[in-house]
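Down below is the structure, laid out as structure tokens.
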Amino acid sequence: MTAVTTSLSQILADGGATFWLPRNASNLAGNVDIAFNLLLYICTFFFMVIVGAMTFFIIKYRRKTANDETPLITHNTPLEILWTGIPLVLVVVFFFIGFNGYMDYDTPASNAYVIGVEGRQWNFAFNYPNGGTSSELYVPINTPVKLSMESKDVLHAFYVPVFRVQRNLIPGRTTELWFIATKHSPLPNPKTNDPGGFPVFCTQYCGDGHSKMTTRIHVLDMPEFEAKLRELANPFKEKDPAGKEHWVPYAKVGQKFATSNGCFSCHSTDGSKGTGPTWKDLYKSEVEFDACNVPGYTLKKTDSDEKWDAYLRESIIDPPAKVVHGFTPQMQSFASVFAGDPGSQKDEKLRALITYIKSVGSDYKAPEENPELYDASKTKVHPESVAGQEEAKKLHPPESGETGTTQPAPETGK
Amino acid sequence: MTTITPDLAHSGGVPVSAGDNYLTHGRGIASWIFTLDHKRIGVMYLVSVLSAFFLGGIFAMVIRTQLINPNGAIFTDQAHFRYYNEMFTLHGAVMIFLVLIPGIPGALGNFVLPIMLGAKDVAFPRLNLGSYYLYVSGALLAILAIVVGGVETGWTFYTPYSVTTDVDKLGLGKHAVEFMVFGVFLLGFSSIFTGMNFIVTMHKLRPPGMTWFRMPLFLWAIYATSIIQVLATPVLGITLLLLIAERTLKVGIFNPAYGGDPVLFQHFFWFYSHPAVYIMILPAMGIMSEVIATFSRKHIFGYKFIALSSIAIAIIGFLVWGHHMFPNGQSTMLATIFSFLTMAVAIPSAIKVWNWLATMYRGSIDLKTPMCYAMGFLFLFAIGGLTGVFLGTLSVDVHLHDTYFVVAHFHYVMFGGTMMGFLAGIHYWWPKITGKMYNETLGRIGCVLVFIGFNLTFFPQFIRARTACRGVMPRTCRSFIRITS
């Protein structure tokens, strides 16, 4: 019992939450809370009336003898009109309150800051106007934000309980959801493993990973938000604590992309079986296919780096082309994120992702950490990019096949 | 009292003795499976529906057991979450299509409708048997679907997920969803035939003197139900056929990948499935009107208001389906209209509740088992109905849509309403059906257990909406665990 009361008080103390509703943190939450509480009071009142009358009658008019006489009462029209009229007036009032709130929810501010949302089985990806992408949403506080949402596969929904809003993501359509965040979100705390931010859920059942399809919204002050945007727009560069810029190794950049594109909702890195094949020791392993677009195609341990690169590339751009044994072709194409001409930013992103996939295993030797090599003040381009390698080749002719692993592979299967 | 003269024509020329009744008259399995007697068909429905209820209950137990701890007690990783998804899909599909929809009309309606009306049987006894066998075929197809692959589309079969997902467990091809959908299609026709049969029976087989406003209120409820069954179910049938066509022929109707529109499916689906909840609840309301009047030893209060409120629910119930789609890409105008009409449908339900209470006023109330269930209905349906007003309010629905609040509301109406009514009816007519009286003490204990157990299971779900738990997922919310541990 004490456990129950303590946890109830914990819940009630949770940042302005009530017993029935989570805390509220947006311009649209006020109407919902007022309507909800009004409904709660009035409905509780009517519930008391119904159950009270029932209990009273059961006790007062309980059968006393087997031959109880009862009066013949058939109807009473004024009473019928009364108990039809009062609920009718009340529900019309509720309708108007709800309608007002809905119109606010449905009418985005014209000056809203637009952020793109892509839903996939089973993650959300956010695209900012400056080209940055992320898997958790960052929004400025007290600023109208409009999410322009689309689904790449099946129905999803974007639900932010503390904002009191949700909207479906529908394949083939663009839906909109807007809000003004009015409170700062909790900061991440690595010590307690708290990711920070406000929770976001997919509420439309979308398959095996539906329960994992969650993310967070981080509400930041405008200067912090702008700094975050700059960081998101250039995932290849990082500043160290001293403020010195350096290039991030491709394997690490690739890990960021894998996170932000939700790869881990299907592909594990610890060898456990997910909806898709695990990435652990995938590179240079023996792969069997259930379906393949090239007759007689095989992929073996001993195959060349180029063949493996081409395979990984194709599996991201055109996933159903080759289906690994024991899996179903569920993955959607990531061409819109990763397909580009060699040397373009999209292509470099893809190469970084492939580098990361290769690094999840024992057979891969990462390029040596060389602070000089990754010093952004000394090299204008990323040392692992196509341009960076061209440059490196000019300066130092290649000595071993090591650099070959990051060579751009020719497009295949198209 | 009129004396019953043995009817030689109907007893196949065999003289009917005094101790003879519908249970003892014919013997052997063939006398049951080929019977045209509405009473025997009713009993066969009762047995089938209760078996399906048991099966759906097992699925529910798996769901609740899985959710005992936050990481899942049975299926612990994503590769196995599919089985959880199958469980809630089957729980929903079995409970709705095999229990709630055919339950009261098929079992109790078949048994008591001709008797209450004063007719010898329903208008089309062969069609009646046919609709029972359609029900059985639909159920068998659903079981086949479970065996060949399992269905995890959710009971709503929302596209495009239902068009693309499938598993092939036995190597017979990926057709589980088609089997399931076709099974539901057959169940739909079973429902249509039953409804049609009852409508014709009530129009054509009322004996002289049995005017519309002399019919028992249970019959009014069944009449309203039948109208919905006949008018709404064909839309579901067509939608399901289109879904099968889309899966097998790859024509674009609902799947945007083929040029279709997934929101169209939702409109079609709810055009049936919202009226369908009135197919489920109206007969239970009819039972309430009978049971409360009987055990209060009173004339029902406001007979005409109750009778016409059933018809009002049937009519308005057709025009509220869009409230399932407020945040789902429906236009603002439609959402507004649907919200208003949803509010309107609360009124006839409220009228019934007030009239039942007024019937108890100055009565002689005897808490026999059926009346206990009826009181349970009033308590639970009050909560279910009132929380429905929350969900009809547009802005509040945008917050509560697809959360546990909806799951709780739905179970309060469907179990707290329909199943409590069904249980009241089974006890009420048990002596009529079997010729034996049930044990009153055990009946009351059962009712109290059901009432307490139901509230313990479902009331916390209203609070889970506060912790923003979604309705459908294999792992529980950690924040809720704090209350229970």
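In what follows, every chain begins at residue 1, and chains take the letters A, B, ... in the order their sequences are listed. Keep in mind that what you see is a predicted model, and the values were worked out from it rather than measured.
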Notebook entry, point to check: At their closest point, which heavy atom of A:I73 faces which heavy atom of B:K298, and how far apart are they?
Noted result: CD1-NZ, 4.0 Å

Notebook entry, point to check: At a heavy-atom separation under 4.5 Å, does B:Y158 approach chain A through its side chain, its backbone, both, or neither?
Noted result: side chain

Next item on the list: Go through the atoms of A:N37 and report whether side chain, backbone, both or neither lie under 4.5 Å from a heavy atom of chain B.
Entry: neither

Next item on the list: Name the region of B:N255, side chain, backbone, both or neither, that has any atom closer than 4.5 Å to a heavy atom of chain A.
Entry: neither

Next item on the list: Can you tell which part of A:E176 gets under 4.5 Å to a heavy atom of chain B, answering side chain, backbone, both or neither?
Entry: neither

Notebook entry, point to check: What distance separates B:F81 CZ from A:W122 CH2, expressed to the nearest 0.5 Å?
Noted result: 11.0 Å

Notebook entry, point to check: Is it the case that more than 12 heavy atoms not belonging to B:F213 sit under 6.0 Å from its CZ atom?
Noted result: yes

Next item on the list: Heavy-atom distances under 4.5 Å only: say whether B:V353 touches chain A with side chain, backbone, both or neither.
Entry: side chain

Notebook entry, point to check: Which bit of A:L39 comes within less than 4.5 Å of chain B, counting heavy atoms only: side chain, backbone, both or neither?
Noted result: both

Next item on the list: Can you tell which part of B:I351 gets under 4.5 Å to a heavy atom of chain A, answering side chain, backbone, both or neither?
Entry: both

Checklist line | A:L40 versus chain B, the contacting section by heavy-atom distance below 4.5 Å | finding: both

Notebook entry, point to check: Going through the checks in order, is the side-chain contact (heavy atoms from CB on, under 4.5 Å) test met by B:W354 and A:I50?
Noted result: CA-CA 8 Å; B:W354 300 130; A:I50 293 168; 3.9 Å; yes

Notebook entry, point to check: Do A:T74 and B:F301 have side chains that get closer than 4.5 Å, going by heavy atoms?
Noted result: no

Next item on the list: Check whether B:T153 gets within reach of chain A through its side chain, its backbone, both or neither, counting any heavy atom under 4.5 Å.
Entry: backbone

Margin query: Looking only at heavy atoms and a cut-off of under 4.5 Å, which of B:R362, B:M325, B:M343, B:K304 has the most pairs with chain A?
Written below: B:R362

Notebook entry, point to check: Hey, is the main chain of A:D68 close enough, under 3.5 Å, to the side chain of B:R297 for a donor-acceptor pair?
Noted result: yes

Next item on the list: Grab the two heavy atoms, one from B:D402 and one from A:T203, that are nearest each other, plus how far apart they are.
Entry: OD2-O, 3.2 Å

Checklist line | For chain A, the option from B:D261, B:T164, B:T342 that forms the most heavy-atom pairs under 4.5 Å | finding: B:D261

Checklist line | Portion of B:T159 that has a non-hydrogen atom of chain A nearer than 4.5 angstrom | finding: backbone

Check: chain A heavy atoms under 4.5 Å from B:Y361: which part of the residue, side chain, backbone, both or neither?
Finding: both

Next item on the list: Could you tell me whether the side chain of B:T332 reaches within less than 4.5 Å of the side chain of A:M103, counting heavy atoms only?
Entry: yes

Note to self: Between A:S268, A:A66, A:G172, who has the most heavy-atom pairs with chain B when the cutoff is under 4.5 Å?
What the structure shows: A:A66

Item checked: side-chain contact (heavy atoms from CB on, under 4.5 Å) between B:N355 and A:W83, worked out -> CA-CA 9 Å; B:N355 280 301; A:W83 67 42; 3.4 Å; yes

Checklist line | Leading residue by heavy atom contact count with chain B [cutoff under 4.5 Å; candidates A:K64, A:H75, A:Q166, A:K60] | finding: A:Q166

Next item on the list: Starting from the C-alpha separation in whole Å, work towards a yes-or-no answer on side-chain contact (heavy atoms from CB on, under 4.5 Å) for B:H299 and A:T70.
Entry: CA-CA 9 Å; B:H299 189 287; A:T70 55; over 6 Å; no

Item checked: Nearest-0.5 Å distance that lies between atom CE in A:M54 and atom CD1 in B:I365 -> 10.0 Å

Check: Do A:F47 and B:F379 have ring centroids that are under 6.0 Å from one another?
Finding: yes

Checklist line | Donor-acceptor pair between B:S364 and A:R63 side chains, under 3.5 angstrom | finding: yes

Notebook entry, point to check: Are the aromatic rings of A:Y205 and B:Y161 close, with centres under 6.0 Å apart?
Noted result: yes

Check: What's the spacing between A:L38 CG and B:F390 CZ if we round to 0.5 Å?
Finding: 9.5 Å

Next item on the list: Kindly check if the number of other-residue, nucleotide or ligand heavy atoms within 6.0 Å of CZ (A:F96) is above 12?
Entry: no

Notebook entry, point to check: Looking only at heavy atoms, which two atoms of A:A35 and B:S395 are closest? And how far apart?
Noted result: CB-OG, 4.4 Å

Next item on the list: Give a yes or no on whether a salt bridge exists between A:R62 and B:D366, defined as a side-chain N under 4.0 angstrom from a carboxylate O.
Entry: no

Next item on the list: Determine the option with the most heavy-atom pairs under 4.5 angstrom with chain B, choosing from A:T107, A:L88, A:T65.
Entry: A:L88

Note to self: Out of B:G302, B:G259, B:G154, return the one with the most heavy atom pairs under 4.5 angstrom to chain A.
What the structure shows: B:G302

Checklist line | Greatest number of heavy atom pairs closer than 4.5 Å to chain B - which of A:P71, A:A157, A:P87, A:C206 | finding: A:P71

Note to self: Which atoms of A:R167 are under 4.5 Å from chain B, going by heavy atoms: the side chain, the backbone, both sets, or neither?
What the structure shows: both

Next item on the list: Could you walk me through whether A:F99 and B:T336 pass the side-chain contact (heavy atoms from CB on, under 4.5 Å) test, one step at a time?
Entry: CA-CA 7 Å; A:F99 173 66; B:T336 307; 3.4 Å; yes

Notebook entry, point to check: Side chain, backbone, both or neither: which part of A:V92 has an atom under 4.5 Å from a heavy atom of chain B?
Noted result: side chain

Notebook entry, point to check: Mind checking whether A:C43 and B:T387 have side chains closer than 4.5 Å, heavy atoms only?
Noted result: no

Check: Which one, A:T175, A:D106, A:L72, leads in non-hydrogen pairs under 4.5 Å with chain B?
Finding: A:D106

Next item on the list: Using distance alone, with no hydrogens and no angle criterion, decide if B:H401 and A:Y159 have a side-chain donor and acceptor under 3.5 Å apart.
Entry: no

Check: In terms of ring plane angle, is the pair A:F95 and B:F340 parallel, tilted or perpendicular, where the classes change at 30° and 60°?
Finding: perpendicular

Item checked: Part of B:P160 within contact of chain A (heavy atom distance under 4.5 Å) -> both

Checklist line | Within-4.5 Å side-chain heavy-atom neighbours: A:L21 and B:H399 | finding: yes

Next item on the list: Heavy-atom pairs under 4.5 Å with chain A are the metric here; pick the option from B:D397, B:I383, B:I347 that has the most.
Entry: B:I347

Next item on the list: For chain A, find which of B:T393, B:N328, B:V396 contributes the most heavy-atom pairs closer than 4.5 angstrom.
Entry: B:N328

Checklist line | Region of B:S296 that comes under 4.5 Å of a non-hydrogen atom in chain A | finding: backbone

Check: Quick one: what part of A:L155 sits under 4.5 Å from any heavy atom of chain B, side chain, backbone, both or neither?
Finding: both

Note to self: For the interface with chain B, which of A:Q204, A:E69, A:Q121 has the highest count of heavy-atom pairs at distances below 4.5 Å?
What the structure shows: A:Q204

Margin query: Does atom OH (B:Y258) have a neighbourhood of more than 12 heavy atoms from anything else shown, all under 6.0 Å?
Written below: yes

Check: Measuring heavy-atom distances to chain B, does A:D153 have an atom under 4.5 Å in its side chain, in its backbone, in both, or in neither?
Finding: backbone

Notebook entry, point to check: What residue in B:F305, B:W356, B:F326 has the most heavy-atom pairs under 4.5 Å with chain A?
Noted result: B:F305

Check: Side chain, backbone, both or neither: which part of B:L357 has an atom under 4.5 Å from a heavy atom of chain A?
Finding: both

